[in-house]
There are 2 protein chains.
Amino acid sequence: MSCEGETVALLRSGGHRLTPQRQRVASALQHAGGHRTVEELHALIAHEQGAPMPLSTVYRALTTLKELRAVSEIDAGGRSAFAWVDRSRPHHHLVCRGCGTERDLDPALLQRLGDAIRAATGFEAFLDHFAITGQCESCRQGAARA
Amino acid sequence: MSCEGETVALLRSGGHRLTPQRQRVASALQHAGGHRTVEELHALIAHEQGAPMPLSTVYRALTTLKELRAVSEIDAGGRSAFAWVDRSRPHHHLVCRGCGTERDLDPALLQRLGDAIRAATGFEAFLDHFAITGQCESCRQGAARA
DNA sequence: CGTACAATTGCGAATATTCGCGGAGGGAAC
DNA sequence: GTTCCCTCCGCGAATATTCGCAATTGTACG
């Protein structure tokens, strides 16, 4: 993965400092892929990079990266999970409250929402990575019957 | 506020039990209005209802009420806040990451998103009360200049 | 109205997340 | 390359949130 360069540029962009800790957290999340909890990242960092890092530093690095929109936080059923954001390929989740299944949502729909918000209010919504809860079709039918 | 009847019906609906604790938490949130933290609700319950209640019970009642879509949870800058949901009058927030200001968003825009999701996937999105982060117009212009 | 059963509460302990502080180190200016 | 300032890190403590378990209590049923 061509991460180093991207990350460096990103971190520098917001007036934030480029520190090894942030690079390590970013690298861990990029290589792990998908949604990862803080605990998972903490373990990955310790195992795969040789040296451990205090948990609080992982939290702080993630907070900073989140401000830069380099990572997104998603509330995955109680514990929060983080994912590296690929802004060129946004993706979103539909999470069913009934059965817990999760499917992806066409990003175009959310982009349309973003455009509408911008047109109506001048506000630019950050819609890189969203989780929308609701009820899937089969659960809805099951609930209607009961 | 005509709360008692509504709340009773809501609580019974999901196969959940109607307990005094849940009624008290619901009542506190309804009468307080707006977004409230757990700590605020805990204090309100103790003061205005005479008897205190363990914090963990407040958390659990809120979790249950959230499942029933009677309350919504919003991440208000680190600590989470809860609000009573009036499903007949959904409202949403645009929160600027730059200056922190917050404004309401026309619910029709989100309703359109919900309709689109339903048409495309059969999934019914719960869009009663949403917070969307982004950048307001003035902060955007300020950022562009820098 | 009494009984039985399962959901719920209260309590305290476990876990998750944030914070404050003093020292260390990034990076802009010379 | 050196200096200085200011942000950031590591650490431990403070907070916030969840969990386990025994006792309680809604609710369905007879």
Side-chain angles (χ1 to χ4, degrees), chain A residues 4 7-29 35-46 49-68 70-82 146, chain B residues 4 7-29 35-46 49-68 70-82 146:
Chain A
E4 310 303 323
T7 309
V8 169
L10 255 175
L11 271 174
R12 285 236 167 93
S13 70
H16 291 104
R17 287 194 184 160
L18 180 63
T19 68
Q21 287 84 350
R22 288 171 180 170
Q23 285 175 290
R24 290 175 64 197
V25 171
S27 166
L29 191 50
H35 305 136
R36 299 292 167 172
T37 67
V38 173
E39 203 54 58
E40 285 174 328
L41 288 172
H42 183 243
L44 281 172
I45 286 169
Q49 301 179 353
M53 182 186 297
L55 209 42
S56 60
T57 298
V58 180
Y59 276 105
R60 283 200 269 225
L62 286 170
T63 302
T64 304
L65 291 167
K66 209 168 49 171
E67 274 171 27
L68 295 168
V71 308
S72 68
E73 182 175 6
I74 273 195
D75 181 26
R79 282 179 223 338
S80 57
F82 296 82
Chain B
E4 310 302 324
T7 310
V8 169
L10 255 175
L11 270 174
R12 284 235 168 91
S13 71
H16 290 105
R17 287 192 185 165
L18 180 62
T19 67
Q21 289 84 350
R22 287 171 181 169
Q23 284 175 289
R24 290 174 64 196
V25 171
S27 166
L29 191 49
H35 305 136
R36 300 290 167 173
T37 68
V38 173
E39 203 55 59
E40 284 174 329
L41 288 172
H42 183 244
L44 281 172
I45 286 169
Q49 302 180 350
M53 182 186 295
L55 209 43
S56 60
T57 298
V58 180
Y59 275 106
R60 284 199 270 221
L62 286 169
T63 302
T64 304
L65 291 166
K66 209 168 49 170
E67 273 172 26
L68 295 169
V71 308
S72 67
E73 182 174 7
I74 274 196
D75 182 28
R79 280 176 226 340
S80 58
F82 296 82

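Any value given below was found using the heavy atoms of this structure, including those in side chains, with hydrogens, waters and symmetry copies removed. The sequence lines fix the lettering, A, B, ..., with proteins before strands; numbering per chain opens at 1.
Looking at B/Glu73 and B/Ser80, their side chains do bring a donor and an acceptor atom within 3.5 Å of each other.
Taking 4.0 angstrom as the limit, B/Gln21 places none of its side-chain polar atoms (N or O) nearer than this to OP1 or OP2 of D/dT25. Between B/Thr57 and C/dT9, a side-chain N or O to OP1/OP2 separation shorter than 4.0 Å is absent. At the phosphate of D/dC11, neither OP1 nor OP2 sits under 4.0 Å from any side-chain N or O atom of A/Ser56. In terms of phosphate contacts, B/Thr19 brings no side-chain nitrogen or oxygen within less than 4.0 Å of OP1 or OP2 of D/dT25. Listed pair B/Arg60 / D/dT17 fails the phosphate criterion, with no side-chain N or O lying under 4.0 Å from OP1 or OP2.
Across all strands, A/Arg22 comes closer than 4.0 Å only to sugar-phosphate atoms, never to a base (heavy-atom distances). Within 4.0 Å of A/Thr63, counting heavy atoms only, lies no atom of the nucleic acid at all.
In this structure, the nucleotide among D/dT17, D/dC8, C/dA6 sitting nearest to the side chain of B/Arg17 is C/dA6. Between C/dT17, D/dA16, C/dT8, one nucleotide has an atom nearer to the side chain of B/His16 than all others, and that is C/dT8. Listed candidates were D/dT17, C/dG10, C/dT17. Nearest to the side chain of B/Pro54 is C/dG10. With distances taken from any side-chain atom of A/Tyr59 to the nucleotides C/dG10, C/dT18, D/dA16, the minimum falls on C/dT18.
Residues B/Pro20 and A/Met53 both approach DNA chain D. Their nearest nucleotides, taken by heavy-atom distance, put A/Met53 toward the 5′ side. A residue-by-residue look at A/Ala61 and B/Glu73 shows that A/Ala61 has its nearest nucleotide of DNA chain D further toward the 5' end.
In this entry the distance linking CG of B/Leu11 with P of C/dA7 reads 16 Å, nearest Å. Distance B/Leu18 CG to C/dT9 P: 11 Å, rounded to the nearest Å. Between B/Leu62 atom CG and D/dT17 atom P there is a gap of 11 Å when expressed in whole angstrom units. In this structure, CD of A/Gln23 is placed 11 Å from P of D/dC9, rounded to the nearest angstrom. Distance CD (A/Glu40) to C1' (C/dA16): 15 Å, rounded to an integer number of Å. Rounded to an integer number of Å, the gap from CZ of B/Arg24 to P of C/dT9 is 11 Å. When the P atom of C/dT15 is taken as reference, atom CG of A/Leu55 falls 13 Å away, rounded to whole Å. We find that NZ of B/Lys66 is positioned 12 Å from C1' of D/dT18, with the value rounded to whole Å.
The backbone N or O of B/Met53 sits less than 3.5 Å from a side-chain atom of B/His42, completing a donor-acceptor pair. At distances below 3.5 Å, not a single donor-acceptor pair connects side-chain atoms of B/Arg24 with backbone N or O atoms of B/Thr19. In this structure, the side chain of B/Thr63 engages the main chain of B/Tyr59 through a donor-acceptor pair within 3.5 Å. Using a distance-only test at 3.5 Å, with no hydrogens or angles considered, no donor-acceptor pair links the side chain of B/Glu67 to the main chain of B/Thr64.
The nearest pair of heavy atoms linking A/Leu18 to A/Arg12 is CD2-NH2, 3.8 Å.
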